[in-house]
Amino acid sequence: MSGLQISTGLKYSSQGPALYAYELPEPGREPGSSLDAIPLLWYSLQRPLAGHHPSDRWTGAAWLSLSGKQTIVIAGRKAHGEVYYGNPRPTDCYPDKGYHGSSYEVQMLFYTPAELIGAANRRGTATEIDPWYRWDSRTPGGGIDRFMFKDCGRDIGGLTYDRQNNLLYMVEVDAGKTSLDEWEPTPVIHVFRVVE
């Protein structure tokens with residue numbers, strides 16, 4: 001599985017996270033050739049993810065399992081406030097022209113694997129699947145932001161899960177600085193223990 005969610009606002013970009021299933025290519029396959037892919041999760045303009053903002057970026061996913069229970073988690077940057085497109089304003093977190101939110105937080109969405117498998121087997125529709133849980137700033141005990149190093153950017157680079165030790169690794173992009181070069185931020189790896 002892999003996916004791509006970009007904040008273009010175009011009708012062919014997912015208005016929320018996206019996941020696709022595909023078979024790995026056989027050895028010797030021509031580089032650059034197309035792979036057949038099946039959409040597992042995709043949000044249309046007519047049915048966006050609840051609370052979608054064009055400046056959202058869902059960039060990490062992992063399949064978690066513990067004691068016979070399973071879920072797929074997708075993490076990323078969630079934007080808040082009115083939609084603004086254009087050159088950055090003085091208060092914006094990002095210096096690039098494009099979509100901007102007034103504030104950002106890291107969120108994690110939880111999906112039922114059976115629904116995604118149903119979409120892969122054409123027993124469901126990839127555009128009609130909603131997360132069963134959202135870990136955000138309103139969650140009792142607090143959101144993921146309390147673990148973040150940066151106050152503004154809140155960019156997640158990826159997730160991976162260690163099933164043997166029940167550890168979820170999440171990359172926070174450009175969050176660390178070293179004494180060797182304070183101008184080149186490095187990623188910080190957050191480690192969460194998954195418990196029942």
Side chains of L49 and P17 in contact at under 4.5 Å (non-hydrogen atoms)
yes

Identify which one of D136, D56, D145 satisfies the side chain to side chain donor-acceptor pair (under 3.5 Å) criterion when paired with K78.
D56

So that I know where these two stand, are H190 and F149 an aromatic pair - ring centroids less than 6.0 Å apart?
yes

Assert yes or no for the condition that the ring centre distance of F192 to Y169 is strictly below 6.0 Å.
no

Near R29 CZ, under 6.0 Å, is it more than 12 heavy atoms from other residues, nucleotides or ligands?
yes

Answer with yes or no whether the hydrophobic clustering places L66 together with L167; edges join I, L, V, M, F, W, Y residues whose side-chain heavy atoms lie under 4.5 Å apart.
no

Could you pull out the closest heavy-atom pair between A119 and I38, with the gap in Å?
O-CG2, 4.3 Å

For the residue pair H100 and Y84, does the interplanar ring angle fall in the parallel (under 30°), tilted (30 to 60°) or perpendicular (over 60°) class?
tilted

Of all heavy-atom pairs linking Y104 and A79, the shortest is CE2-CB, 3.6 Å

May I have all residue pairs that pass salt bridge (charged side-chain N to carboxylate O under 4.0 Å, His left out) and include part of residues 84-113, sequence neighbours excluded?
R89-D92

Can you give me the closest heavy-atom contact between A18 and W42, atom names plus distance?
CB-CD1, 4.1 Å

For H53 versus H80, what's the shortest heavy-atom pair and its separation?
NE2-O, 4.0 Å

State, without any angle test, whether W132 and T71 hold a side-chain donor-acceptor pair at a distance under 3.5 Å.
yes

Sub-3.5 Å donor-acceptor pair from the side chain of R47 to the main-chain atoms of T127, do we have one?
yes

Which pairs, with at least one residue in residues 155-164 and sequence neighbours excluded, count as a side chain to side chain donor-acceptor pair (under 3.5 Å)?
S65-R163, R77-D155, Y94-D155, Y161-N166, D162-N165

